[in-house]
J.: 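First the structure, then my questions, so here it is.
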Amino acid sequence: MKQLFLKYQAQTSPHPLAIEISHANGSYIFDSKGKKYLDFIAGVSANTLGHNHPKVTLAIKNQVDKYSHVMVYGEFVQQPQVNLAKLIAKYLPSPLETTYLTNSGTEATEGALKLAKRYTGRSEIIAAKNAYHGNTQGAMSVCGAEQQNSAFRPLIPGIKFIKFNELTDISKITTATAAVILETIQGGAGFIVPEENYLAKVKQRCEEMGALLILDEIQSGIGRTGAFFGFEHYHVVPDIIVTGKGLGGGMPIGAFISSQKIMSCLKEHPKLGHITTFGGHPVIAAAATATLQELHNSNLIKETLHKELLFRKLLVHPLISEIRGKGLMLAIMVESSDLASKIILKCLEKGLLLFWLLFEGKAIRITPPLTISDKEIREGCAIIIDALNEI
């Protein structure tokens with residue numbers, strides 16, 4: 001199977017982990033040889049409720065029995081889509097009440113950028129250096145990591161970059177700016193949290209200049225940081241939210257969310273200002289609704305902050321320089337990228353799944369399912385400490 005995988009399936013790196021998956025359940029993934037792996041990746045922050053969660057699985061099966069795809073997005077009234085959009089609005093501050101459902105986070109980024117340009121009538125977008133908002137052409141254009149972008153230029157014009165958390169750069173937002181797009185917590189750059197009321201200061205400048213603030217919550221949203229969306233920690237309400245990953249409970253989804261006033265400009269001049277065939281797929285929307293219902297009917301979001309403290313308590317070692325992030329969006333920082341890779345691969349041998357970050361080689365990703373237990377956290381951290389001792 002591995003040989004067929006390498007021959008027929010397009011690869012994204014020279015050295016994939018290439019674990020042949022048999023099945024997955026809860027916080028564990030099992031390979032075809034029966035080896036069990038504790039999952040501290042969660043599909044890169046996507047499996048909010050772990051693997052094969054019974055309520056998500058039931059929602060999928062029930063919807064499949066009714067209908068799957070019936071029409072392009074926005075033409076037919078489909079209960080799974082309406083239920084999901086209504087539920088998202090219920091847990092967001094005013095005026096964030098209107099959701100456009102997409103197939104992925106990167107598509108949501110594309111939609112948000114178009115929306116900002118259409119609403120403001122401006123073309124300039126300001127983004128952060130070492131940001132990551134997705135991998136389509138528009139999304140790449142607002143990712144300030146030249147090592148990723150250089151091979152694909154020219155990208156879309158009119159993009160300027162500022163440094164995340166750099167207050168003096170805020171003055172670069174002007175009356176020419178359509179929008180500023182930022183990750184609430186920078187992911188690929190190393191799980192960097194905003195400091196000194198940074199996001200609120202950016203929003204204030206945007207309001208003064210007539211620009212919109214887009215916050216990318218693709219990783220930090222859906223309970224992962226101990227709030228429904230990460231921006232709730234930082235005293236700011238964006239004009240547009242971009243989300244994805246954990247929203248689908250393991251199924252492919254994205255969304256951009258704004259006020260009805262802003263979102264309405266996609267309806268005309270021109271009509272069909274943003275369209276998608278499979279966005280809001282009813283089976284995916286049903287899975288997402290079940291995921292959100294479980295989050296809000298349980299203590300999982302609140303418990304995320306307790307679990308963060310447990311990780312920080314257990315992951316103390318001379319080779320660990322810092323633990324970055326918030327909630328269950330954490331990164332172990334070590335002195336070199338070579339050491340980070342050794343730790344990740346040593347833990348893989350021992351049955352623990354860790355992963356890299358895109359642009360920060362010295363970081364080790366820890367983004368387990370929100371359903372992970374204290375016992376499983378202790379089990380995984382013991383493996384990490386054991387690997388560190390061996391190294």
Side-chain angles (χ1 to χ4, degrees), residues 13 15-19 21 24-31 33-51 185-193 219-220 224-226 245-246 300 303-391:
S13 72
H15 305 290
L17 291 179
I19 301 169
I21 304 302
N25 192 63
S27 299
Y28 294 91
I29 294 174
F30 299 81
D31 71 15
K33 297 179 181 178
K35 185 173 179 178
K36 178 180 178 181
Y37 299 88
L38 177 57
D39 184 7
F40 273 14
I41 307 172
V44 187
S45 304
N47 294 88
T48 302
L49 302 179
H51 301 282
I185 296 175
Q186 278 204 301
F191 287 12
I192 299 170
V193 300
Q219 279 205 78
S220 58
R224 182 151 293 279
T225 66
K245 286 192 183 292
L300 285 171
E303 289 170 358
T304 295
L305 296 176
H306 155 75
K307 292 171 182 177
E308 174 193 349
L309 293 177
L310 184 56
F311 271 111
R312 291 184 180 276
K313 177 183 175 181
L314 296 172
L315 291 176
V316 177
H317 192 277
L319 293 181
I320 296 175
S321 60
E322 181 186 0
I323 304 289
R324 289 185 187 167
K326 192 170 186 66
L328 290 178
M329 184 178 174
L330 300 174
I332 298 172
M333 304 303 299
V334 294
E335 66 180 11
S336 69
S337 57
D338 181 61
L339 178 57
S341 292
K342 285 181 180 179
I343 294 166
I344 291 168
L345 297 176
K346 177 70 72 173
C347 287
L348 179 66
E349 293 174 11
K350 295 175 176 290
L352 175 67
L353 296 176
L354 302 170
F355 210 59
W356 296 265
L357 297 186
L358 274 176
F359 310 133
E360 177 51 88
K362 295 182 286 186
I364 300 168
R365 167 186 291 274
I366 296 181
T367 54
L370 303 195
T371 49
I372 195 163
S373 67
D374 286 8
K375 180 181 178 182
E376 290 163 343
I377 292 172
R378 292 181 185 278
E379 175 189 345
C381 288
I383 292 173
I384 294 170
I385 296 300
D386 187 40
L388 289 166
N389 287 336
E390 288 187 19
I391 289 169

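Numbering of residues begins at 1 and proceeds along the displayed sequence.
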J.: Between A42 and T367, what is the shortest heavy-atom contact and its length?
T.: CB-O, 3.1 Å
J.: Once rounded to the nearest 0.5 Å, what's the spacing between atom CD of E360 and atom OG of S337?
T.: 9.0 Å
J.: Of all heavy-atom pairs between A387 and C347, which one has the smallest distance, and what is that distance?
T.: CB-SG, 3.8 Å
J.: If you count heavy atoms of other groups shown closer than 6.0 angstrom to NZ of K362, is the number above 12?
T.: no
J.: Can you tell me how far the CD1 atom of I185 sits from the CE atom of M329, to the nearest 0.5 Å?
T.: 5.0 Å
J.: Can you find a pair of side-chain heavy atoms, one from T371 and one from T48, that are under 4.5 Å apart?
T.: no
J.: Flag the pair D374 and R378 as a salt bridge only when some basic side-chain nitrogen lies within less than 4.0 angstrom of an acidic carboxylate oxygen.
T.: no
J.: Going by heavy atoms in the side chains, are K350 and E390 under 4.5 Å from each other?
T.: yes
J.: When you compare the side chain of L370 with that of E303, does any pair of heavy atoms fall below 4.5 Å?
T.: no
J.: Taking F40 as the fixed residue, which of F355, F311, Y28 is the one that meets the ring-ring contact (aromatic ring centres under 6.0 Å, His included) rule?
T.: F311
J.: Is it the case that more than 12 heavy atoms not belonging to K35 sit under 6.0 Å from its NZ atom?
T.: yes
J.: Determine whether R324 and M333 satisfy the following criterion, side-chain contact (heavy atoms from CB on, under 4.5 Å), listing intermediate values before the conclusion.
T.: CA-CA 7 Å; R324 289 185 187 167; M333 304 303 299; 3.7 Å; yes
J.: Check whether any side-chain N or O of K346 sits under 3.5 Å from a backbone N or O of I391 as a donor-acceptor pair, and report yes or no.
T.: no
J.: Quick one: pull up CG in L330 and CZ in R365 and give me the separation to the nearest 0.5 Å.
T.: 10.5 Å
J.: Report the C-alpha distance between L300 and L49 in whole Å, list the side-chain angles of each, state the deciding distance to 0.1 Å, and finish with yes or no for side-chain contact (heavy atoms from CB on, under 4.5 Å).
T.: CA-CA 9 Å; L300 285 171; L49 302 179; 3.7 Å; yes
J.: Set out, in order, the CA-CA distance, both residues' side-chain angles and the distance that settles side-chain contact (heavy atoms from CB on, under 4.5 Å) for I323 and I366, then state yes or no.
T.: CA-CA 10 Å; I323 304 289; I366 296 181; 5.9 Å; no
J.: side-chain contact (heavy atoms from CB on, under 4.5 Å), that's the test. Do L353 and I19 meet it? Break it down for me.
T.: CA-CA 11 Å; L353 296 176; I19 301 169; 3.8 Å; yes
J.: List the residues meeting salt bridge (charged side-chain N to carboxylate O under 4.0 Å, His left out) with K326, not counting sequence neighbours, and say none if there are none.
T.: none
J.: If I take atom OG from residue S341 and atom CD1 from residue I364, how far apart are they, to the nearest 0.5 angstrom?
T.: 8.5 Å
J.: Measure the CG-CG distance between L354 and L348 for me, rounded to the nearest 0.5 Å.
T.: 9.0 Å
J.: Which value, rounded to the nearest 0.5 Å, describes the distance between I384 atom CD1 and L314 atom CG?
T.: 9.5 Å
J.: Around atom NZ of K342, are there more than 12 heavy atoms of other residues, nucleotides or ligands at under 6.0 Å?
T.: no
J.: Closer than 4.0 angstrom, basic N to acidic O: yes or no for R312 and E308?
T.: yes
